[in-house]
Amino acid sequence: MLSSGGDAPGMNAALRGAVRAALGEGLDVYVIHEGFLGMVEGGPAIQVATSASVGGILQRGGTVIGTARSEAFRTRDGRRRAVANLLERGIDALVVIGGDGSLTGANLLCTEWSELLDELVAAGDVDEVVAEAHPVLRLAGIVGSIDNDMFGTDMTVGADTALHRITEAIDALRSTAASHQRSFVIEVMGRNCGYLALMSAIATGANWVFIPEHPPHSDDWRAALQRTVEASRRIGRRQILVVVAEGARDLDGEPITSEEVRSILSEGMGEDCRLTILGHVQRGGAPSAFDRNLGTQCGYHAIHALLDSPPDGPPLLIGTRENVITTSPLMQAVERTNVVADLLAERRFDEAMALRGGSFVEAWETMKTLVRAQPSRTTNGARSLRLAVVHAGGPAPGMNTAVRAGARLAMDGGHTVLAVHGGFPGLIKGQLSELDWMSVNGWVAVGGAELGTNRHVPTDEELSAIAGTLEDQRVDGLLIIGGFDGYDGAYRLQAAADRLPALGLPIVCLPATISNDIPATDVSIGADTALNNIVSDVDKIKQSAVASHRVFVVEVMGKDGGYLALSSGMATGAEKIYTPEEGITLDGLRDDVHELNAGFEGGQRLGLVIRGEHADHVYTTPFLWALFEKEGGGLFDVRQAILGHLQQGGDPSPFDRIQATRLVSRCVEFLIEQAASEHPRSAMTGLLGGQVVFTDLDTFPSLLDPHARRPAHQAWLEQLRPIADAMARPAEIRACGADGEEPGD
Ligand code: ADP
């Protein structure tokens, strides 16, 4: 295993995932320090890896085994030395975590392997028997790169964390910009790929964005930018934010620099404009929950893909497509990645943009609409609608983001948006008010639910009051942004339309709950933020115990769904994860106690147990605490931490903001379309396999688990469980683990 090229947060997770999966399959595992440099130099750079040697690294940024750029590896002589060093240890399979350069280099090594072997045998540097025993080099590549610029994967390991860093920085700039009515130009990384710029612009509600793939389509872009800024100032925006990718260019291929943009705003129109170049902070810091889990999954699948494919098969790229880990031919992915760079150099921008794929293009279109949106456009002759928006269920970070984008897009279409205050009770009591453009200003980044939310689901008697409100307010369509209660309420409204015709209006539900426990979607808005909240708190909890022998039992939210428990357990390296789907049994607890004891007897110092709040109603968190404390004897002490409401709080993560914006823009389109139809549909929207999908609302009950408040089918459970188990070090591995100093994850 090695990491190479530019470092990226999450590389450690990939390394740990691959090392532990390989050890679990009984393979001999080595790590190569300093990338190809270490491979060429050999000696102490190549070390035997143990399960313990990759302990305690999940939460660390960068790559603990180092990365480097190696000129020697670019030469045939360097690669020949690398082969000799690998064969000295019998290494004939590589997992390389790096960017397209590193993967190209590794691929070259595979291609040349047998020739280099012959040369080494001829020179007497490698024994013929050894050479015959290792006729091919097998390779699996994992893309570690903050740029998200690689084919063969929807997300590269590190891109989500970089978005976190950029979003945090722009949020901070926004508050100072608003105080002084300043404008800020922010330069972000991305020489050939506008992913970070585009997504951070959406996530922060920026006024304008420049990306390499889509130069401004008019030579007059300077004046267009100035007009947008003027219009924003006219409607009362206190801050202007412009995001520039470092590789931005105009139609002639000439660079559009962040300094030029600053001067257009500053000298050109008298704005008090400052430039911030974010630079290497974008690479740094602890990896996000997403990158930890993506890295872990890719590492695990890299090993299984190598074991499952024919020995002489082509090198593999391990990536993610539509939310599932995939394997594809590595060189094809590298070649297609290079094609985009070539197209950009040749100024064939439309083709480059098309190659970026559907959701990138969709994000660009959404950004364009939001930038252009005006407070009161006309409907171009169509009927102006009155659309209402209501929350239901617990607050979820991203709810405000969705309301802001949805309201503005609807207003831009000439429609009226009515906010219902305080959830369904607000609808029952008729507590509605009209939103205007500036009333949702800044909501893109604000956690909680400004409109108020409530868990109350309307009873049969209350439905007629709701019908009355909808009629009085002449509501043409209803957008429900919330969790299970919202879906339940929506279903009841629709089901009562026969007797209360006012309820026959189109309804659309947008999934927003930290629990990620609703059907017709793989993910709900808010879950990613909650996951990151849990992960950063568990990191701190683990740090607090470095000097003691301790087991933590951490209880997380999620109600009847175990998504937060399993995902956060995987992202924090928990030994045991209890979910409501799987329950807790006495026999299971007996085994778990034995494993914990064996681990601590073998030198382990820290244990982590994550329990979903509804994992079992008898074996509660205090019960587990008491059980482990008693049975752990003198080996370790036990502490419990019930994380509680901090999981629901905080500013929404970039992912939640981006997906909230994406989903709500489609929901508004849906309502407008359905309101014009003779037989309007009602639906649940969601992200299924990475696509925005609308599922008929009347299927809601049929998609549920008959015994619990959660979907009958949850793809994440079967995807993550085997990996989480493989990552939790089995006792025998722990017992022979290295130095006992490693925090025991
Ligand atoms: P990244 O992997 O992040 O794209 P680089 O392009 O700098 O980073 O590549 C990292 C290392 O991979 C280089 O220093 C070199 O050792 C090796 N490498 C890159 N491209 C090639 C190539 N075409 N042939 C051989 N080695 C290469």
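First listed ligand is number 1; within each ligand, the first listed atom is number 1.
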So which residues, sorted by chain and number, lie with a heavy atom under 4.0 Å of ligand 1? Ser4, Gly5, Gly6, Phe36, Arg69, Ser70, Phe73, Arg74, Gly99, Asp100, Gly101, Ser102, Thr104, Gly105, Leu108
Check for a donor-acceptor pair, side chain of Ser53 on one end and backbone N or O of Ala49 on the other, with a separation under 3.5 Å. no
Looking at side-chain heavy atoms only, is the closest gap between Ile202 and Arg657 below 4.5 Å? no
Can you give each donor-acceptor pair under 3.5 Å made by side-chain atoms of residues 206-213, sequence neighbours left out, with the distance rounded to 0.1 Å?
{"from": "Asn207", "atom 1": "OD1", "to": "Arg237", "atom 2": "NH2", "distance (Å)": "3.3"}
{"from": "Asn207", "atom 1": "OD1", "to": "Leu241", "atom 2": "N", "distance (Å)": "2.9"}
{"from": "Asn207", "atom 1": "ND2", "to": "Ser232", "atom 2": "OG", "distance (Å)": "3.2"}
{"from": "Glu213", "atom 1": "OE1", "to": "Gly194", "atom 2": "N", "distance (Å)": "3.1"}
{"from": "Glu213", "atom 1": "OE2", "to": "Gly194", "atom 2": "N", "distance (Å)": "2.9"}
{"from": "Glu213", "atom 1": "OE2", "to": "Arg356", "atom 2": "NE", "distance (Å)": "2.5"}
{"from": "Glu213", "atom 1": "OE2", "to": "Arg356", "atom 2": "NH2", "distance (Å)": "3.2"}

Student check: side-chain heavy atoms of Thr156 and Ile146 closer than 4.5 Å: no
Would you say the side-chain atoms of Ser288 and Asp160 include a donor-acceptor pair closer than 3.5 Å? yes
Is there a side-chain contact between Leu2 and Phe36, using heavy atoms and a 4.5 Å cut-off? yes
